[in-house]
Amino acid sequence: MTKPIRVAVTGAAGQISYSLLFRLAAGELYGPNQPIRLQLLEIPQAMGALEGVVMELSDCAFPTLDGVDIYDQPGAAFEGIQAAFLVGSRPRGPGMERSDLIQVNGPIFVGQGRALNHADSAVRILVVGNPCNTNCLIAMNNSDIPQDRFTAMMRLDQNRAMGMLAAKANRTAASVSHMVVWGNHSNNQYPDFENARIDGKPASEVINDQTWLRENFVKDIQNRGAVVIKARGASSAASAANAALEHMKSLINPTPGDDWYSAGICSKGEYGVEPGLIFGFPVRTDSQGNIQVVEGLPMSDWAKTKFDFVLDELRKEREVVKDLLR
Ligand SMILES: NC(=O)c1ccc[n+]([C@@H]2O[C@H](COP(=O)([O-])OP(=O)(O)OC[C@H]3O[C@@H](n4cnc5c(N)ncnc54)[C@H](O)[C@@H]3O)[C@@H](O)[C@H]2O)c1
């Protein structure tokens, strides 16, 4: 029988995990012939709720689920894992600034970065918990795992952008490709319609409305998370879980055709982003599993101002957490 692959999920009793775990257990990441073992991490106060989730996983009788282990400490939870979904973090409370959130959640990722040293050498790490780019930076700087294994989630932003362009062009999302969201998973991200394509043609030729693209589209994508919270009374969960799953699939499978996907990865200086920042880039995975930034995409002067603004935001976030970076 095929050896199970170990997958860790933190924040496992939270709302994103309530969608993600069931899709992982059903075999959506590695396929129907590969058993997986879930290693779930929560804080001690949430262990009761997590036990309920484990009961429901059992009640699904998934053929691909080898077993579930639960932990309230990161070390053992990351033992031998090949994929880590770091979802758990404290949500933003009333009156909290982004910098407060960074300071509250930063220490979580110091401990988890160290604990990731228990992972398999092939591990791929996705940070979802916000502020995800900077939490990823902290975890990467506190771990001995190679830097190219650490990634932050821009995929929900990419998918939102694809969905919105498709709706405007009266197509399905499948016709939209080459979508990158540059920079930070924040409301200063830059969803790049200039390089996106619809049915293989430049998106701005198909949607011939620069005012809508520059104003409505960009702002709507930047603020989509807040609009979902207002409508639903809770933050995006199923769409975030879907994005996390697609992100991890993109890391472990070669990227089809000449397309790319959006991911926050450690800069090596591409596009003038200083090395070491976790920045949302257009990325491809090759047949050996190496991930590389797609270089040389053109940008108008207008787009460059958006790019520089979000780059500056990430530099400032790094400054806030500099004491957590070893
Ligand atoms: N990057 C993205 O695109 C994106 C999209 C949506 C949400 N998010 C972020 O994902 C995170 C989770 O969202 P959610 O809706 O599932 O939140 P949630 O509050 O429902 O769940 C978070 C869970 O994390 C747990 N947790 C807190 N500290 C932990 C720790 N140290 N170790 C392990 N678990 C811990 C909590 O107990 C809770 O169960 C939030 O930070 C949210 O802002 C990111």
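Counting starts at 1 for both ligands and their atoms, in listed order.
- Among Leu20, Ile16, Asn135, Leu40, the residue whose heavy atom lies closest to atom 10 (O) of ligand 1 is Ile16.
- Side-chain atoms of Asn142 never come within 3.5 Å of backbone atoms of Gly113 as a donor-acceptor pair (strictly under, hydrogens ignored).
- The ring-ring contact (aromatic ring centres under 6.0 Å, His included) test with Tyr271 singles out one residue from Tyr190, Phe279, Trp182, and that residue is Trp182.
- Gln189 places a side-chain N or O within donor-acceptor distance of the main-chain N or O of Ser186, the cut-off being under 3.5 Å.
- At the top of the distance list for atom 22 (C) of ligand 1, counting protein heavy atoms only, stands Ser89 O, 4.0 Å.
- Shown in contact with Gly129 at under 4.0 Å from a heavy atom are these atoms of ligand 1, numbered in order with element: 10 (O), 11 (C), 41 (O).
- With rounding to the nearest 0.5 angstrom, the OH atom of Tyr71 is 9.0 Å from the CG atom of Leu40.
- At the shortest separation from atom 2 (C) of ligand 1 among protein heavy atoms lies His185 NE2, 3.2 Å.
- Looking at atom 6 (C) of ligand 1, its nearest protein heavy atom turns out to be Ala240 CB, 3.7 Å.
- Scanning all protein heavy atoms for the shortest distance to atom 28 (N) of ligand 1 gives Ile43 CG2, 3.6 Å.
- At the top of the distance list for atom 21 (O) of ligand 1, counting protein heavy atoms only, stands Gly14 CA, 3.2 Å.
- When non-hydrogen atoms are compared, ligand 1 lies under 4.0 Å from the side chain of Ile108 (C-beta onward) but not from its backbone.
- For the pair Arg284 (side chain) and Asp259 (backbone), a donor-acceptor distance under 3.5 Å is present.
- Ligand 1 places these atoms under 4.0 Å from at least one heavy atom of Ala13: 39 (O).
- Enclosure of atom CG in Asn290 by more than 12 non-hydrogen atoms of other residues, nucleotides or ligands within 6.0 angstrom is indicated.
- For the pair Asp157 and ligand 1, the shortest N or O to N or O distance does not fall below 3.5 Å.
- If you check the side chains of His178 and Asp192, you find no donor sitting under 3.5 Å from an acceptor.
- Scanning all protein heavy atoms for the shortest distance to atom 43 (O) of ligand 1 gives Asn130 ND2, 2.8 Å.
- Atoms of ligand 1 found under 4.0 Å from any heavy atom of Gln112, numbered from 1 in the order shown, are 32 (N).
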Decide yes or no on side-chain hydrogen bond (donor to acceptor under 3.5 Å, both in side chains) for Arg160 and Ser236, but give the supporting numbers first.
CA-CA 11 Å; Arg160 286 169 171 166; Ser236 306; 2.9 Å; yes
Could you walk me through whether Thr64 and Tyr30 satisfy the side-chain hydrogen bond (donor to acceptor under 3.5 Å, both in side chains) test, starting with their C-alpha distance in whole Å, then the side-chain angles of each, then the deciding distance to 0.1 Å, before giving a yes or no?
CA-CA 9 Å; Thr64 37; Tyr30 298 108; over 6 Å; no
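- Distances below 4.0 Å separate heavy atoms of Ser235 from the following atoms of ligand 1: 15 (O).
- Checking only distances, Ala46 never comes within under 3.5 Å of ligand 1, N or O to N or O.
- Protein heavy atom closest to atom 36 (C) of ligand 1, with residue, atom name and distance, is Glu42 OE1, 3.5 Å.
- Annotation: side chain of Asp312 is in contact with side chain of Arg315 (closest heavy-atom distance under 4.5 Å).
- Remark: Ile102 CD1 to Asn133 CG distance equals 10.0 Å, nearest 0.5 Å.
- At a heavy-atom cutoff of 4.0 Å, ligand 1 is contacted by both the backbone and the side chain of Val87.
- Protein heavy atom nearest atom 17 (O) of ligand 1, with residue, atom name and distance: Gln15 CG, 4.3 Å.
- The shortest N/O to N/O separation between Ser17 and ligand 1 does not fall below 3.5 Å.
- When each atom of ligand 1 is checked for a heavy atom of Gly11 under 4.0 Å away, the hits are 23 (C), 24 (O), 25 (C), 33 (C), 34 (N).
- Of the N or O atoms in Arg90, none lie within a sub-3.5 Å distance of an N or O in ligand 1.
- No N or O atom of Ser236 sits closer than 3.5 Å to an N or O atom of ligand 1.
- Remark: ligand 1 atoms within the under-4.0 Å shell around heavy atoms of Cys132 are 1 (N).
- At a 4.0 Å cut-off, not a single heavy atom of Ala237 sits close enough to ligand 1 to count as contact.
- Neither the backbone nor the side chain of Met154 has a heavy atom within less than 4.0 Å of ligand 1.
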